[in-house]
Amino acid sequence: MIRLLFLQTMTVNFQIPLSFGELLKSGGIGQYVVQEVLPVRQLDSQLSAFQTALRAQGPLCVLHHFDSLYSILHHFRSLDSALKEDFLEAMVKATCRHSSDLPVVLEDLTMAQTQRNDHLNTLKMNCFLLAQLVDAFESETYKAALRNVEPSRKGKKTKSKPDGFSWELEREKVLQTLTHVLQLEIRRLWSMSVLEEEFVSMVSGCCYKMMENPNIAQAKNKPVRDALGHLLGVMVKRYSHMLSASVKVIQLLQHFDHLAPVLVQAVSLWATEYGMKPVVGEILREVGLKCSQDLSREPSGVRTLAAFLTELSERIPAIMMPNISVLLEYLDGESYVMRNAMLTVMGEMVIRVLSGDQLDETERSTRDEFLDTLHEHLHDVNSFVRSCVLQIYNRIVQKKALPLTRFQSVVARVVGRLSDKSVNVCKNAIQLLASFLANNPFTCKLGRVDLDGPLLKETKTLNEMKENLAKKQTVAVISPEEEWEAMFPEVQRAFRMWKEEVDEDKDLHDEAETPDALREQILLLLKKSSYKNAIRLIQRGAQRFKDDSLFGAGEAMEEEAVLESLGQIFTVKSPPQADTAGEDPSEAASEQAFQELRKQEMLVQYLTDAHKFSVKIEEAIHAISRMMYETAVSVVQEVIEFFVTVSHFGVPQAVLGIQRMLPLVWSKEPGVREAVINAYRRLYLTPKGDSERVNAQDLIHNLALLMVDASAGMINCLEEIMYEFMQKGDIRPSVTQLLWERFSMKSPCSRLERRAAVMLLGMMSRSEPEIVVSNLDTLVTVGLGDRVQEDYQLAQDVCTSILKITDSRKSSVGKSRAPFRLPRDHSLFVHLGDAVAGGIGQTDSHWLPFKEAAVRLVYELAEEPDVICSEILHRSSQRVLEQLKSEEEGSTLPTFLLTHLLSLAGDVVLNQIVHLERAVSAELRRRRVLKEEQEAKKVGSGKQKKGKGDESAMEEELGLTGASADDVEAELIRKICENEVLGGQQYLSAFLPLVLQICRNPGKYSDPDLGTVASLTLAKYMMISSDFCDTHLRLLFTLLEKSPLPRVRSNIMIALGDLSIRFPNLIEPWTPHLYARLRDASQDVRKTSGLVMTHLILKDMVKVKGQVSEMAVLLIDPDQEIASLARNFFNELSNKGNSVYNLLPDIISRLSDPDCGVEEESFQMIMKHLLSYITKDKQTESLVEKMCHRFRTARTERQWRDLAHCLSLLPFTEKGLRKMQDCFDCYGDKLSDDGVYNSFMNTVGKMRRGAKPELKTLIDEFEQKLSKCHNKGLENMDAEDTTEANAENQPPPSARKKAPAKRRPLSSVNASQKSNTGGDFQTPKPKPRRTTHKNVVITFSSDEESDFDAELSEAETPKNPTPIRRTSARSRAK
């Protein structure tokens, strides 16, 4: 009551407090102050009283109940949810009712000031209470979210809404209520219609408080975000909140990561619906005022700010563009995130605002500036910026917003980015080039060959049009003066003739009444070459128009005056000849010619641009194809997708990329393998024709093109893809039918297409063997029939296709079933025998691979294949003998006959071994297992008559019998190979004398093909028996060392790789000779040797000795393929524990040896690669110590420099530095050499980068010590320094004693190791061992001079120092 009387007696002004507690303090005169904060127990009743008063008295009742409402806010945390909910509901109702009454109040200009003041206080109080409620609810919700629980009810349970209360559902209602109030002209309630700044800040503050909640960015809160945008938009537009909002937006972005999309929506709403475009400029200006260095210290804030700018440019790019200049400084700033944002903004403006042909000069200039900036940042120092620019260009190209004039420059720079070190840059560059292709404005066929012809033709046409037009222009531009000068002699001659005529004045029809009309007549006569008549008219004009200046001059009819008058009339009155001679039709023709010329120029320019674009795309294809085997899966997938895109535009080089894509089908990455299969499915299985047969023809044609000149590896890859297609049912039956028609010549096709058809049928039979099995007779009669000699390649493909069914049947046949084989007299083997024996006398080079496939097919499918092959060999030998008898006496047998015969014998030998160790061994094992199962069943039937002990004993006995049986079978096969295959009665032994004769007498048998086949056949014979192999190893290695034919050396190297696996103990002593081929003069031999040694070393079939340095030399081989092979070898070797680390000391010793090492520059390149595999700190420390001690035994300055350079390549740590300081006396006296000193200084420089302060002190001391030794020399240093250095750097005795022991593990790597003293830098050669027996010395019996004058002597024959455990034949068969 006292409060009510107080309000009635004096005017009270409610001031918006800066803080909630200020209302409890006494203010100025007339300022409202809260008198008492009520206790919690009274709040429920006070709220009910307020609700009753609101219904009875209206919204002004808040003036009398404000203290109680304030008390509710004061105790907000202690209240239960029901009271909070009722309070919020009451305040929303009060504010809504007041906003409904305000329009009448605002329009009533006669209302008393007291009543107006009451409404103003009510408005302020309602808004204050709502703002404080929002703040309280938001704080409570945020804390509950941190606890990951819902806000709990405190105190006793009271009434609550049946459907529950959720603040998230009430936010929108509160915001809409405040928006409705602020949309009224409430400024009239204030004096001078100026709102106080505290009121605006209070209302806007509750909006920003809501934005701070991370949940505001969720999709379900979109209505709340819209309400916030509208409320703030009203305040920005009507209540001068623009500057404050601009500052607040930047502050919020710097502190809250989730607000970028929320504020973008709000700002775009203000700029569009509320027309407040200047607010965008203010915000951008605030962003521009931020220091780049400050932003770099706030990474999260910078990312949010960058996201805000990029998203805002997507919504309102046209509004942002006038203010973009304030942000351009960020392009040169440290923050790459802001650079990305600015470049993205420019890209969006180019796409959305500055695209199209309707741009004015200013807009075109702005676009060019933006594109220039993007172009420059393609070479940005930061890879993320380069990647971002490529993505921006990708969008620009896809939206067709890039001007045609910039295509060439952008494509050229993007092609350069393909060699970028960043994977993301390369990936985005490939994507951009694919977009250029898909959106190119030129043509759907971009092959340079397709464009060369039209370009030359149209260029020639353009030149002809220019020449023709130039001729016409030359005639048309003759001036009147030039024409008068040309006709002057004739006019002069006519005048003189006229003077000589006597009284022959002809009648001239002269109707000219004025001088101008007379001039026109005279001009017409002159053009008609009627010169005399023109002179007569001049005479009449002089008589009639004496006052005229022109005719008056010719009154005397003097020659000079008359000619001058005629000249003036002609030059003044006569226009250029083109205008007088060319009438309207001629003018139209000339204009049309100019139009045609312009069209032709545009056409030529178009073709020129297309041709340049095609050249760049071909360059890109070449670069991208090299990225096909990158380690990054995403890059490989982009490369595959690029070549699929390129193939659609008819670029010929796309076929090469598609072929290189094939091996990726074996990739271990499922994503890459699936991408390859899908790419081929899109390229070849996508229907393009109207009928199924047309589609089948296209598929077969495209696959045939892919198989032309393809290697065997490519064919295998294509077979795997076809297998996947068949498994998923992608190949239609019409394709199979058409393939059979082509093979059987029912459908006309070329020889290549016929071969491709049978190869494809074989590939498809891997998944469905019935394709070949059901048509086996067709394959035999057509492919191996009477016309087989016409096409041995087709016959070879037929054999290969039939072999596919053996692979599929082997996988499906169980252990209990007999293997699938055809009878010996099957027509297939009859035709094969006829084809092989009948073709031995043919000079066709394709017979050799055919008979190899034929022999393998016999051994895979036939019963008793050895009998069939013996018959083939017998028939072939008879043919050769018949040929020999038919030759004249004294003549020699053609070498190709012996070549064919020995090659056939070698293939039979090799397949016989495979047959014995695989097929025969497997069949013996199958029969044994079947017999054991039958015996086990018999044992099971008598189980009841025997005890458990007898049963277990029997099972154990059977188990032992089964285990020993495998060894018995393996031993049986070994004995057959050792004793029977090459026995005196066997047909294969009949060819041995001939093979040995040719190999031992290369001078007599000098034919390269014969020598190659003989050496390879000898190696195949050596695969049979270990005794035979041991006997002829010296002959084989002699051929390897001294044969002048690279083919022979390569083949023998491959054969020795197989022999190393079959007889490792025999080949192991000859290992140095294998390593020696790595330095062969022939590139092909080095490549083959590298492949063989890589296989043997990685499979642990050859001991890794110090001679592996020969593999290291291949790292610098001139041939890039060999160098790549060596890199792959060391990459794989590095994955096998510490192999590279263990080998490094010996490699360094051998490569730096002055007698057998490499050049210093080459050494440095090799060691840079090898030392990159040393990544462990312990390995580094150990190598530092070992190499420092090696300085003591180094003999030359070159070895000093090599060791110092190796030390400079190691990744040093603090322990490594201390090791180097401890060993200072080992290399201190070598620092006088500039190369050694420079290497150590490089090491110091590397250690200094990123070193800690305490480590820098050690580095400085070490550097000073190095400088002293280099400048003065260790022996010239002061005695004190020397003593101190020795005391500091001398290792303890225990360390010196242990040093040799640390090198001892290297002895396990090398078969011949140096002594434990470690005194010599070079790995010593092994000592000669005592011989226990002598091998038979092989001599050449050639009567002619042989190329092998120096044979391997007895002393050069290596012995078996350490036997290698031989794998059993059974394990090899598996």
Side-chain angles (χ1 to χ4, degrees), residues 336 340 343 374 377-398 410-439 616-649 651 653-683 713-714 717 720-721 1120-1121 1123-1125 1127-1128 1131-1132 1134-1135 1169 1172:
Y336 75 89
N340 282 348
L343 294 169
L374 289 172
H377 283 274
L378 278 172
H379 285 170
D380 196 281
V381 294
N382 192 285
S383 62
F384 292 105
V385 179
R386 298 195 298 272
S387 181
C388 179
V389 174
L390 291 170
Q391 293 174 357
I392 295 169
Y393 266 120
N394 198 353
R395 292 198 63 227
I396 292 175
V397 172
Q398 289 177 353
V410 176
V411 171
R413 186 155 291 190
V414 173
V415 172
R417 289 299 90 208
L418 292 174
S419 58
D420 200 286
K421 295 181 179 179
S422 171
V423 172
N424 287 330
V425 175
C426 294
K427 182 177 69 175
N428 286 295
I430 296 171
Q431 290 177 350
L432 178 53
L433 288 171
S435 295
F436 268 115
L437 273 172
N439 299 277
K616 285 296 179 183
I617 290 299
E618 291 181 3
E619 181 182 346
I621 290 173
H622 180 68
I624 293 174
S625 64
R626 296 197 300 267
M627 304 166 63
M628 190 79 72
Y629 301 99
E630 290 284 340
T631 55
V633 175
S634 58
V635 174
V636 177
Q637 290 174 333
E638 291 298 334
V639 171
I640 293 171
E641 184 64 26
F642 174 80
F643 277 107
V644 173
T645 303
V646 170
S647 64
H648 294 156
F649 289 89
V651 181
Q653 286 75 9
V655 178
L656 300 177
I658 293 171
Q659 286 181 339
R660 293 197 65 183
M661 192 193 305
L662 274 171
L664 293 176
V665 75
W666 308 108
S667 175
K668 297 179 181 179
E669 294 290 341
V672 175
R673 174 183 169 85
E674 193 65 27
V676 173
I677 295 174
N678 288 335
Y680 275 87
R681 183 177 287 110
R682 290 163 55 190
L683 287 170
M714 291 294 183
C717 298
E720 180 68 16
I721 292 177
Q1120 291 301 318
E1121 192 172 357
S1124 176
L1125 173 66
R1127 287 193 295 270
N1128 292 336
N1131 288 337
E1132 295 296 329
S1134 65
N1135 296 328
H1169 183 86
S1172 65

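Any value given below was found using the heavy atoms of this structure, including those in side chains, with hydrogens, waters and symmetry copies removed.
- Here the SG-CG distance, from Cys717 to Leu662, works out to 5.5 Å after rounding to the nearest 0.5 Å.
- At a threshold of 4.5 Å between non-hydrogen side-chain atoms, the residues Gln431 and Leu390 do not count as touching.
- Ile658 has its side chain within reach of Ser647: a pair of non-hydrogen atoms, C-beta onward, lies under 4.5 Å apart.
- A side-chain donor-acceptor contact under 3.5 Å links Asn394 and Gln398.
- The shortest side-chain heavy-atom distance between Phe642 and Leu437 falls under the 4.5 Å cut-off.
- Residues that satisfy the side chain to side chain donor-acceptor pair (under 3.5 Å) test with Ser387, not counting sequence neighbours, are Asn428.
- Residues Asn424 and Ser383 have side chains not in contact (no heavy-atom distance under 4.5 Å, counting atoms from C-beta outward).
- Residue Arg673 holds its CZ atom at 11.0 Å from CG of Asn678, rounded to the nearest 0.5 Å.
- Of all non-hydrogen atoms in Val411 and Lys616, the two that sit nearest each other are CG1-CB, 3.6 Å.
- A donor-acceptor pair under 3.5 Å is formed between the side chain of Arg660 and the backbone N or O of Ser625.
- Around atom NE2 of His379, more than 12 heavy atoms belonging to other residues, nucleotides or ligands sit under 6.0 Å away.
- Under the 4.0 Å criterion applied to side-chain N and carboxylate O atoms, Glu630 and Lys427 are not assigned as salt-bridge partners.
- The closest side-chain heavy-atom distance from Val646 to Ile624 is not below 4.5 Å.
- The shortest distance between side-chain heavy atoms of Ser435 and Tyr393 does not fall below 4.5 Å.
- Remark: Asn382 CG to Asn340 CG distance equals 7.0 Å, nearest 0.5 Å.
- With sequence neighbours left out, the salt bridge (Lys or Arg N to Asp or Glu O under 4.0 Å) criterion links Asp380 to Arg339.
- You'll find the side chain of Met628 reaches within 4.5 Å of the side chain of Phe643, heavy atoms only.
- Contact of the Val665 side chain with the Tyr680 side chain is not registered, since no non-hydrogen atoms from C-beta on lie closer than 4.5 Å.
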